[in-house]
Protein chains: 2
Amino acid sequence: MQTGQDAAAIFVERWNEAASFEQTGTCPVRNVLDKIGDKWSMLIVMYLAAGPKRFNQLHREIPDISQKMLTQTLRDLQRDGLVARQVFDTKPPSVEYRLTTLGHSLIVPFGHLIDWANQSIPSINKARAVFDAAS
Amino acid sequence: MQTGQDAAAIFVERWNEAASFEQTGTCPVRNVLDKIGDKWSMLIVMYLAAGPKRFNQLHREIPDISQKMLTQTLRDLQRDGLVARQVFDTKPPSVEYRLTTLGHSLIVPFGHLIDWANQSIPSINKARAVFDAAS
DNA sequence: CGGTATCCAACCTGATACTG
DNA sequence: CAGTATCAGGTTGGATACCG
């Protein structure tokens with residue numbers, strides 16, 4: 001690893017740091033990253049960040065999501081403890097989804113990422129234009 | 001949007017904030033998120049964070065990556081301006097990859113995400129165990 | 001050394017139809 | 001209202017072989 005020419009080298013360690021790696025057989029960081037990259041997970045989390053919402057309310061608000069993917073993504077988020085599901089015994093039945101404390105806590109680091117993205121889009125688009133022009 | 005019961009509601013705005021959305025037809029934030037969720041992009045960025053590396057050096061250091069995906073991911077990172085590619089006219093030829101300034105800047109918000117992941121893994125695993133036990 | 005090219009299996013997602 | 005079930009398409013990634 002040479003001399004500490006760049007403190008950023010520790011990030012590779014951080015990646016594999018979690019102790020459960022050997023236990024589960026899959027990298028724990030991957031689990032989180034897969035959710036970030038997932039087409040709908042983070043969008044749903046952000047819509048729920050505004051407050052609890054019911055199933056069809058989310059369905060109406062989120063553009064283009066299919067019922068299948070809304071159901072599936074919500075279940076995955078619930079399984080990971082990021083979203084809580086509460087059924088009200090009304091007729092017809094209503095189901096409310098809300099972020100858990102853990103779910104809310106994800107918004108902080110994720111927000112930094114979104115900010116980076118919005119700040120960097122111009123640079124990225126410019127780099128792409130240059131690269132594509134040279135090929 | 002009711003009253004500002006939760007400041008986090010602004011994240012939905014941030015998601016769609018970038019002006020280039022209408023121009024390109026694809027959400028700019030998605031571009032970045034896709035890279036985060038990509039199987040190899042961020043791992044490569046983190047290995048390069050330690051300093052410039054040559055192609056086969058990365059190939060040896062990164063576990064399980066195929067030559068195809070290493071080539072492809074590096075080209076995508078280069079296209080987006082996150083990685084710079086430098087060819088040295090030696091024999092046999094050698095090619096060095098290094099993070100650009102933009103690439104380095106991504107490590108900051110991304111690092112926060114990794115830290116959140118490592119801190120939250122225990123909670124997530126516990127939530128999964130509870131959820132799976134109930135089904 | 002540093003790639004390309006081709007094939008292929010697995011996965012992810014959307015569309016559609018149906019249910020308590 | 002809030003889902004489930006089934007099928008089809010596109011995309012992703014790995015294996016393998018070849019090239020300057």
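Order of the sequence lines fixes the chain letters, A, B, ..., with proteins taken first and strands second; residue numbering starts at 1 for each chain. If you're wondering where the values come from, they're calculated on a predicted model, not measured in any experiment.
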Which whole-number value in Å describes the distance from [X] [atom1] to [N] [atom2]?
{"X": "B:M69", "N": "C:dG2", "atom1": "CE", "atom2": "P", "value": "19 Å"}
{"X": "A:I44", "N": "C:dT13", "atom1": "CD1", "atom2": "C1'", "value": "14 Å"}
{"X": "A:I65", "N": "C:dC12", "atom1": "CD1", "atom2": "P", "value": "16 Å"}
{"X": "B:Q72", "N": "C:dG2", "atom1": "CD", "atom2": "C1'", "value": "16 Å"}
{"X": "B:Q67", "N": "D:dC19", "atom1": "CD", "atom2": "P", "value": "15 Å"}
{"X": "A:E96", "N": "D:dC1", "atom1": "CD", "atom2": "P", "value": "15 Å"}
{"X": "A:L70", "N": "C:dT16", "atom1": "CG", "atom2": "P", "value": "18 Å"}

Selected nucleotide, minimal atom distance to [X] side chain, candidates [options]:
{"X": "B:K39", "options": "D:dG13, D:dG20, D:dG3", "answer": "D:dG13"}
{"X": "A:R54", "options": "D:dA2, C:dT4, C:dC1", "answer": "D:dA2"}
{"X": "A:D38", "options": "C:dC1, C:dT13, D:dG14", "answer": "C:dT13"}

Residue pairs meeting side chain to side chain donor-acceptor pair (under 3.5 Å), one or both in residues 68-77 of chain A, sequence neighbours left out, come to none
Notebook entry, point to check: Do B:P109 and A:D115 touch side chain to side chain, with heavy atoms closer than 4.5 Å?
Noted result: no
task: With the side chain counted from C-beta on, respond yes when B:I62 and B:W40 share a heavy-atom pair under 4.5 Å apart, and no when they do not.
output: yes
Please report the interatomic distance [atom1]([X]) to [atom2]([Y]), rounded to the nearest 0.5 Å.
{"X": "A:L82", "Y": "A:L74", "atom1": "CG", "atom2": "CG", "result": "11.5 Å"}
{"X": "B:L58", "Y": "B:I65", "atom1": "CG", "atom2": "CD1", "result": "8.0 Å"}
{"X": "A:L48", "Y": "A:L77", "atom1": "CG", "atom2": "CG", "result": "8.0 Å"}

Apply side-chain hydrogen bond (donor to acceptor under 3.5 Å, both in side chains) to [X] and list each qualifying residue two or more places apart in sequence or on a separate chain.
{"X": "A:E96", "value": "A:R98"}
{"X": "B:R85", "value": "B:Y97"}
{"X": "B:S105", "value": "A:W116"}
{"X": "A:D64", "value": "none"}

Next item on the list: Output yes when at least one side-chain N/O atom of B:Y97 is less than 4.0 Å from OP1 or OP2 of C:dC1, else no.
Entry: no
B:D38 meets the salt bridge (charged side-chain N to carboxylate O under 4.0 Å, His left out) criterion, sequence neighbours left out, with none
Identify the pairs formed between an N or O of the protein and an N or O of nucleotides 5-11 of chain D at a distance under 3.5 Å, and give each distance.
none

Note: contacts of residues 55-63 of chain B with DNA chain C (heavy atom, under 4.0 Å) are B:F55, B:N56
Expected list for residues 74-92 of chain A near DNA chain C, using heavy atoms below 4.0 Å, is none
ask   = Do B:D132 and B:R128 sit within salt-bridge range, that is, some charged N less than 4.0 Å from a carboxylate O?
value = no
Contacts of A:G37 and A:P93 projected onto DNA chain C by closest heavy atom; the upstream (5') one is A:G37
Across all chains, not counting sequence neighbours, the side-chain contact (heavy atoms from CB on, under 4.5 Å) partners of B:T90 are B:F88, B:S94
For residues 41-60 of chain A, the salt bridge (Lys or Arg N to Asp or Glu O under 4.0 Å) pairs (sequence neighbours left out) are A:K53-A:E61
To the nearest 10 degrees, the angle between the two end axes of the helix from C:dC1-D:dG20 to C:dG20-D:dC1 (five pairs per end) comes to 50°
